[in-house]
**Q** 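To start, I am sharing the structure in question, which I have written as structure tokens.
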Amino acid sequence: DAQKASQSTGTLTTSVTKLALQFNVIDRAIDAVTRALAGMVRGVIEANRQGIALNLGFQTMAVRLEGVIGSARGAQDALDSFRKIAGSTAFSVTDVSEAGTTLAAFMGGEFTRNVEGTTKAVADLAAFMGLNATEAASAMGRAFAGGAGAADILRERGVLNLIKSFQGIEDLTSLTLPEFREALLDTMVNTAGPIAGATDRMSATTVGAISNMGDAWENFTARLTEEAMPALTNFAQALTAVFNRAAEDMTGETGLAVAIDKVATAIADNEDSIVQAIKNIADTVATLAQAIADVIELAGQLDALGKA
């Protein structure tokens, strides 16, 4: 009997051990799924945050461009050109857009006559000088506005020497401002020189490929959150109305209880607009989440095809 009891105990111990191992495997699997889901949620939140931040920046640039170009349509066309250029160069969408907006402020009508060509030229200049596009645009803009005497960065980076060489000019300071501008632009687009096509050569590198991948993601998140911008505007305006109303109603009154009461009343008066704005934002977030899920599914299908 003692032997049988010992055997039974051993069998039970083995079974319990196996069961514990099975539960451990299940627990690890559940933990992995939970972490994956949490990662997806964080990804959706981050994509929303990044996309909205990009759109806020684009809206600011559009306002600046509209002042130079003269129309909202022209400003939007310019931003679309910046995105196109960024997608084929080793510079981010934000960097190229800021560079183009800077050039527009410095060059005015000269820039608007050839937005895409001039922006591509300054991207080439940035690649040649080893600067980002915004820095190169600022350096070019100062030179464009002040001539050779204001082109310190271009001088340091060897660009002025290139102009002398390709244009056959010994003393750039002897040129009038329009003549210097023409010489600068001609040198930048001269296909026999080292500046023109510099971004194309850089894009062929690993650095360029990774940058273009980042541009694609920025464009993806920006496009997906564009529809949320009106809802965010309405939400901000609704909350502004709430706090302005509460502040007006508190004239001559003080205290936390009064403040809370006034804010609550103002929220109730603006409830419909606030709720609608939040609903619109939630709908956009849901759309973005589905889009990201579709991308993940597509990546899984491509991986499966690769292993087949």
Side-chain angles (χ1 to χ4, degrees), residues 61 64-65 67-70 74-75 77-205 208 211:
M61 292 178 202
R64 291 164 58 192
L65 285 168
V68 176
I69 295 174
D77 288 344
L79 285 174
D80 289 341
S81 294
F82 300 158
R83 282 176 166 172
K84 177 182 176 181
I85 292 168
S88 61
T89 65
F91 300 107
S92 71
V93 174
T94 303
D95 187 25
V96 173
S97 299
E98 184 61 44
T101 305
T102 299
L103 282 179
F106 274 114
M107 299 177 67
E110 184 74 22
F111 175 77
T112 57
R113 281 192 287 273
N114 186 9
V115 172
E116 190 168 328
T118 306
T119 306
K120 177 64 165 61
V122 84
D124 284 337
L125 180 65
F128 171 75
M129 295 197 300
L131 302 175
N132 64 42
T134 305
E135 291 169 338
S138 181
M140 178 183 169
R142 285 195 294 273
F144 198 84
D152 293 338
I153 295 177
L154 299 188
R155 182 180 298 103
E156 293 169 2
R157 301 283 173 163
V159 177
L160 294 190
N161 282 333
L162 281 177
I163 297 174
K164 291 179 181 180
S165 174
F166 278 89
Q167 302 297 324
I169 302 169
E170 287 295 327
D171 183 11
L172 294 179
T173 60
S174 65
L175 300 178
T176 64
L177 184 57
E179 289 172 341
F180 175 76
R181 290 173 174 176
E182 183 179 358
L184 171 60
L185 291 174
D186 283 348
T187 302
M188 288 172 60
V189 299
N190 190 325
T191 55
I195 297 177
T199 51
D200 298 330
R201 294 189 291 274
M202 182 176 287
S203 291
T205 66
S211 175

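Computed from a predicted model, the values in this text were never measured in an experiment.
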**Q** Does Leu162 reach the side chain of Asn190, with side-chain heavy atoms less than 4.5 Å apart?
**A** no
**Q** Looking at every heavy atom in both Thr118 and Asn114, which two are closest together, and how far apart are they?
**A** OG1-O, 2.8 Å
**Q** Evaluate the side-chain proximity of Met188 to Asp124: yes if any heavy-atom separation is below 4.5 Å, no if none is.
**A** no
**Q** With rounding to the nearest 0.5 angstrom, report the CD to CD distance, Gln167 to Glu179.
**A** 11.0 Å
**Q** Mind listing the closest non-hydrogen atom pair of Lys164 and Glu170 along with its distance?
**A** CE-O, 3.5 Å
**Q** Any idea which heavy atoms bring Gly149 and Asp152 closest together, and the distance?
**A** O-OD1, 4.0 Å
**Q** Quick one: side chain to side chain donor-acceptor pair (under 3.5 Å) partners of Ser138, sequence neighbours excluded?
**A** Arg142
**Q** Got a sec, which residues hit side chain to side chain donor-acceptor pair (under 3.5 Å) with Lys84, two or more places apart in sequence or on another chain?
**A** Glu116
**Q** Taking only residues two or more places apart in sequence, or in another chain, which ones meet Ala127 in a side-chain contact (heavy atoms from CB on, under 4.5 Å)?
**A** Phe91, Ala198, Thr199, Met202
**Q** Contact between Leu131 and Arg157 at the side-chain level, heavy atoms closer than 4.5 Å - yes or no?
**A** yes
**Q** How far apart are the C-alpha atoms of Leu79 and Met61, what are their side-chain angles, what is the distance that settles it, and do they pass the side-chain contact (heavy atoms from CB on, under 4.5 Å) test?
**A** CA-CA 8 Å; Leu79 285 174; Met61 292 178 202; 4.2 Å; yes
**Q** Hey, mind stepping through Asp77 and Val115 against side-chain contact (heavy atoms from CB on, under 4.5 Å) and telling me if it holds?
**A** CA-CA 9 Å; Asp77 288 344; Val115 172; over 6 Å; no
**Q** Between Ala151 and Leu160, what is the shortest heavy-atom contact and its length?
**A** O-CD1, 4.0 Å
**Q** What is the minimum heavy-atom distance between Gly146 and Leu177, and which atoms define it?
**A** C-CD1, 4.1 Å
**Q** Would you indicate whether the side-chain heavy atoms of Thr102 and Phe111 approach each other to under 4.5 Å?
**A** no
**Q** So do the side chains of Met140 and Leu185 get within less than 4.5 Å of each other, counting heavy atoms only?
**A** yes
**Q** Between Val189 and Ala121, what is the shortest heavy-atom contact and its length?
**A** CG1-CB, 4.2 Å
**Q** Heavy atoms, side chains only, cut-off 4.5 Å: are Leu184 and Ile163 in contact?
**A** yes
**Q** Does any non-hydrogen side-chain atom of Met129 lie less than 4.5 Å from one of Leu154?
**A** yes
**Q** Any salt bridge linking Asp200 with Lys120? Criterion: basic side-chain nitrogen under 4.0 Å from a carboxylate oxygen.
**A** yes
**Q** Mind checking the CZ-OG1 spacing from Arg181 to Thr176? Nearest 0.5 Å is all I need.
**A** 9.5 Å
**Q** Quick one: are Leu103 and Phe144 in side-chain contact, heavy atoms under 4.5 Å?
**A** no
